[in-house]
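A short write-up of the structure that comes next.
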Amino acid sequence: MGGLPAGRVEPAEHDYAQWERRVDALMTLLSGVKGGKKLMTVDELRKNIEALPPDAYERMTYYERWVTSITQTMIQRGVITTDELGRKMEEIEKRAAK
């Protein structure tokens with residue numbers, strides 16, 4: 001976590017999973033970088049990542065934090081509701097179970 005002592009960071013290139021690419025693309029679209037309507041800011045992304053409890057922050061990967069923060073921002077802005085999100089998640093779980 002920011003400000004805490006840590007070991008050396010070893011930069012390494014790696015392939016991104018398809019879902020990680022999608023999260024990155026989602027952030028690009030929502031932040032209006034590609035000319036669309038700006039539905040969130042990088043500051044909101046950071047704020048909602050920093051609001052994660054320390055144990056959740058440590059457990060999550062980089063893009064898991066991003067997708068959690070994006071979700072919270074969209075709920076806070078009223079773009080989606082928790083009910084809508086829950087229904088969509090159920091729909092996807094049912095589809096994946098087939």
Side-chain angles (χ1 to χ4, degrees):
M1 266 195 230
L4 297 177
R8 180 175 164 79
V9 174
E10 295 294 334
E13 291 295 321
H14 67 280
D15 289 331
Y16 294 97
Q18 184 65 29
W19 76 270
E20 292 172 320
R21 289 187 191 115
R22 288 179 177 162
V23 171
D24 192 76
L26 185 59
M27 183 59 196
T28 299
L29 292 170
L30 292 173
S31 62
V33 171
K34 293 293 182 179
K37 183 179 178 185
K38 188 175 195 167
L39 293 175
M40 73 178 292
T41 66
V42 175
D43 291 334
E44 288 170 306
L45 179 74
R46 188 192 78 248
K47 175 185 72 90
N48 283 316
I49 289 172
E50 290 174 354
L52 290 168
D55 61 320
Y57 184 94
E58 290 293 326
R59 188 176 60 249
M60 292 175 160
T61 66
Y62 182 79
Y63 283 105
E64 287 173 332
R65 292 179 201 130
W66 271 37
V67 77
T68 301
S69 178
I70 289 168
T71 302
Q72 287 304 307
T73 302
M74 294 300 99
I75 291 169
Q76 291 164 357
R77 283 184 166 237
V79 175
I80 61 171
T81 67
T82 54
D83 287 341
E84 291 169 329
L85 179 61
R87 284 193 302 273
K88 191 62 171 179
M89 289 173 73
E90 285 177 13
E91 176 187 317
I92 291 168
E93 285 173 1
K94 287 177 185 174
R95 195 170 50 214
K98 291 181 181 181

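From a predicted model like this one, the values you see are computed outputs, not experimental measurements.
At a threshold of 4.5 Å between non-hydrogen side-chain atoms, the residues Met27 and Val42 count as touching. Between Leu85 and Met74 the shortest side-chain heavy-atom distance does not fall below 4.5 Å.
Rounded to the nearest 0.5 angstrom, Arg87 CZ and Thr81 OG1 are separated by 6.0 Å. Taking CG of Asp24 as the start and CG of Leu29 as the end, the distance is 10.0 Å to the nearest 0.5 Å.
Leu45 and Val33 are assigned to two separate hydrophobic clusters, defined by single-linkage of ILVMFWY side chains at heavy-atom distances under 4.5 Å. In terms of hydrophobic clustering, with Ile, Leu, Val, Met, Phe, Trp and Tyr side chains grouped at heavy-atom distances under 4.5 Å, Val23 and Met89 are assigned to a common cluster.
Smallest separation of non-hydrogen atoms from Ile70 and Met40: CG1-SD, 3.9 Å. Listed here is the closest heavy atom pair of Ile80 and Thr71: CD1-O, 4.4 Å.
Contacts of Ala17 classified as side chain to side chain contact (heavy atoms under 4.5 Å, CB included), with partners at least two apart in sequence or in another chain: Trp19, Glu20. Shown here are the side chain to side chain contact (heavy atoms under 4.5 Å, CB included) partners of Glu93, two or more places apart in sequence or in another chain: there are none. Applying the side chain to side chain contact (heavy atoms under 4.5 Å, CB included) rule to Ala56 yields the partners Pro53, Arg59; only residues at least two apart in sequence or on another chain are considered. Residues forming a side chain to side chain contact (heavy atoms under 4.5 Å, CB included) with Gln18 (at least two apart in sequence, or on another chain): Arg21, Arg22. For Asp83, the side-chain hydrogen bond (donor to acceptor under 3.5 Å, both in side chains) criterion is met by no residue, not counting sequence neighbours. Among residues two or more places apart in sequence or in another chain, the salt bridge (charged side-chain N to carboxylate O under 4.0 Å, His left out) test is passed with Lys47 by none. Taking Ser69 as the reference, nothing meets the side-chain hydrogen bond (donor to acceptor under 3.5 Å, both in side chains) condition, with sequence neighbours excluded. In terms of the side-chain hydrogen bond (donor to acceptor under 3.5 Å, both in side chains) criterion, residue partners of Glu91 (sequence neighbours excluded) are, by chain and number, Lys88. Partners of Thr82 under the side-chain hydrogen bond (donor to acceptor under 3.5 Å, both in side chains) rule, at least two apart in sequence or in another chain, do not exist in this structure.
Listed by first then second residue, pairs satisfying salt bridge (Lys or Arg N to Asp or Glu O under 4.0 Å) with a partner in residues 62-77 read Glu44-Arg77, not counting sequence neighbours. The ring-ring contact (aromatic ring centres under 6.0 Å, His included) pairs that include a residue from residues 29-51 number zero, where partners must be two or more places apart or lie in different chains.
Under the 30°/60° scheme for interplanar angles, the aromatic rings of Tyr62 and Trp66 are found to be tilted.
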